[in-house]
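Encoded as structure tokens, the structure appears first; notes follow it.
Both ligands and their constituent atoms are indexed starting at 1 by order of listing. Hydrogens, waters and symmetry mates play no part in the numbers below; they use all other heavy atoms, side chains included.
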Amino acid sequence: MQASFDITNPQLAERGENRILWAAMEMPVLGSIRTRFEASKPLLGLRVGGCLHITTETANLARTLKAGGAEVALCASNPLSTQDDVAAALVQHDGIPVFARRGEDPDTYYAHIRAVLDTHPQITLDDGADLVSTLHRERPQQIDEITGGTEETTTGVIRLRAMARDGALGYPIVAVNDAMTKHLFDNRYGTGQSTLDGIIRATNILLAGKHFVVCGYGWCGRGIAMRAKGHGARVIVTEVQPLRALEAVMDGFQVMPLSEAAAIADFIVTATGDKHVVDKAHFEAMKDGCVLANSGHFNVEINIEALASLSRDKSRPRAHVEEYRLADGRRIRLLAEGRLVNLAAAEGHPAAVMDMSFANQALTVEHLWRQEEKLPPRVYPVPTHIDDLVASLKLETMGIGIDSLTEEQKAYLASWREGT
Ligand code: ADE
């Protein structure tokens, strides 16, 4: 018989409920969508399957979709990011089937994805594209049932574009990550704050005066570097793209190859989306006590196997810290097993940025469900009117007014005759 949910402990529901309501206070844009959805039920008859980090913010998204009339089933998008109390509250208070246990092994992780697919979703919500890729690999017969999907994160969008290029993508997916009101805020300020939060909670080591290396200067790397600088760290950026490296230099950071930075680093944080960014030669160069953390979606950025092969033993001096002792006695401290440090050692991005990300998600689900004909299987941007609406609503809820163009100014911008 198919399990109706699989969570760690239903008794955590009360605690989860309190935290979900706490997050909701910081999510007024999503809240206003929920109020509209409750009244007009635009998602009636829709089955949504979500593979997302099971957090208080995701719970508010699930409640919004349910308020709109959708049936929602959820699994985790990372084995270490599930907040078990939130999973319990969603099951107990909302009757939402959740298949997620913090610390689940890879077999359970995929069994949970299959459990969500067993609910036959018509719209998929993904964060990293594991749901979409499992569906395409194992359940191709379900592709026709699907109207479309959304993708939350940079890594997922890269994978989906690769699927589309290979002609392997079977249904349309909207790249929520690429909305301005998503990545400019969630990736930059969300990752910036939550990554530092995870590192500080895990280590309680002072950042001021330390050499703090950020690998990758995309929107996440920018946020991490900015916030580490705010803590008084001496921030070094490593990059492979000349333009981004130049930007980091002009933003005031030192830029150098990781092979040089590794030797002076007190902290190294990866946010590149690529594999084995921190590798054997870097471990060999590191100082005693160097702290390694990853903020990219998958646990591939730090070559943990290579680190283990160089080590004579490993201990757990604190929660979320594994200390590898190299043959010559140096200690390298790996946080959160190389998984997303912000979600594994802290609580993920704060609700105020997830408010915009998940407002984009909710409005995009409505947009996809409204399509009269199924869109061709491609990766699509979030419609500009949704992105603009989210920005306007966010400003409004923050009590911030802005100017508008006069008719004369609009005419000036639309003409080419007036010049010097
Ligand atoms: N990704 C990063 N932070 C998150 C959060 N708080 N909830 C859901 N997904 C996230």
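- Residue pairs meeting the side-chain hydrogen bond (donor to acceptor under 3.5 Å, both in side chains) criterion with at least one member in residues 80-99, sequence neighbours excluded, are T8-D84, R15-D85, R19-Q83, R19-D85, H53-S81, R63-D94.
- Note that CZ of R331 and CG of D313 are 11.0 Å apart. Values are rounded to the nearest 0.5 Å.
- Taking CZ of R378 as the start and CG of L169 as the end, the distance is 10.5 Å to the nearest 0.5 Å.
- Residues in residues 191-200 take part in these side-chain hydrogen bond (donor to acceptor under 3.5 Å, both in side chains) pairs, two or more places apart or across chains: T191-H349, S194-N342, S194-H349, T195-S295, D197-R201.
- For the atom pair H367 NE2 and T150 OG1, the distance stands at 11.5 Å (nearest 0.5 Å).
- Near ligand 1, heavy-atom contacts under 4.0 Å come from H53, T55, E57, T58, L343, E347, G348, H349, M354, F358.
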Which donor-acceptor pairs under 3.5 Å do the side chains of residues 227-238 make with protein atoms, sequence neighbours left out?
from	atom 1	to	atom 2	distance (Å)
K229	NZ	D251	O	3.4
R234	NE	G209	O	3.3
R234	NH2	G209	O	3.4

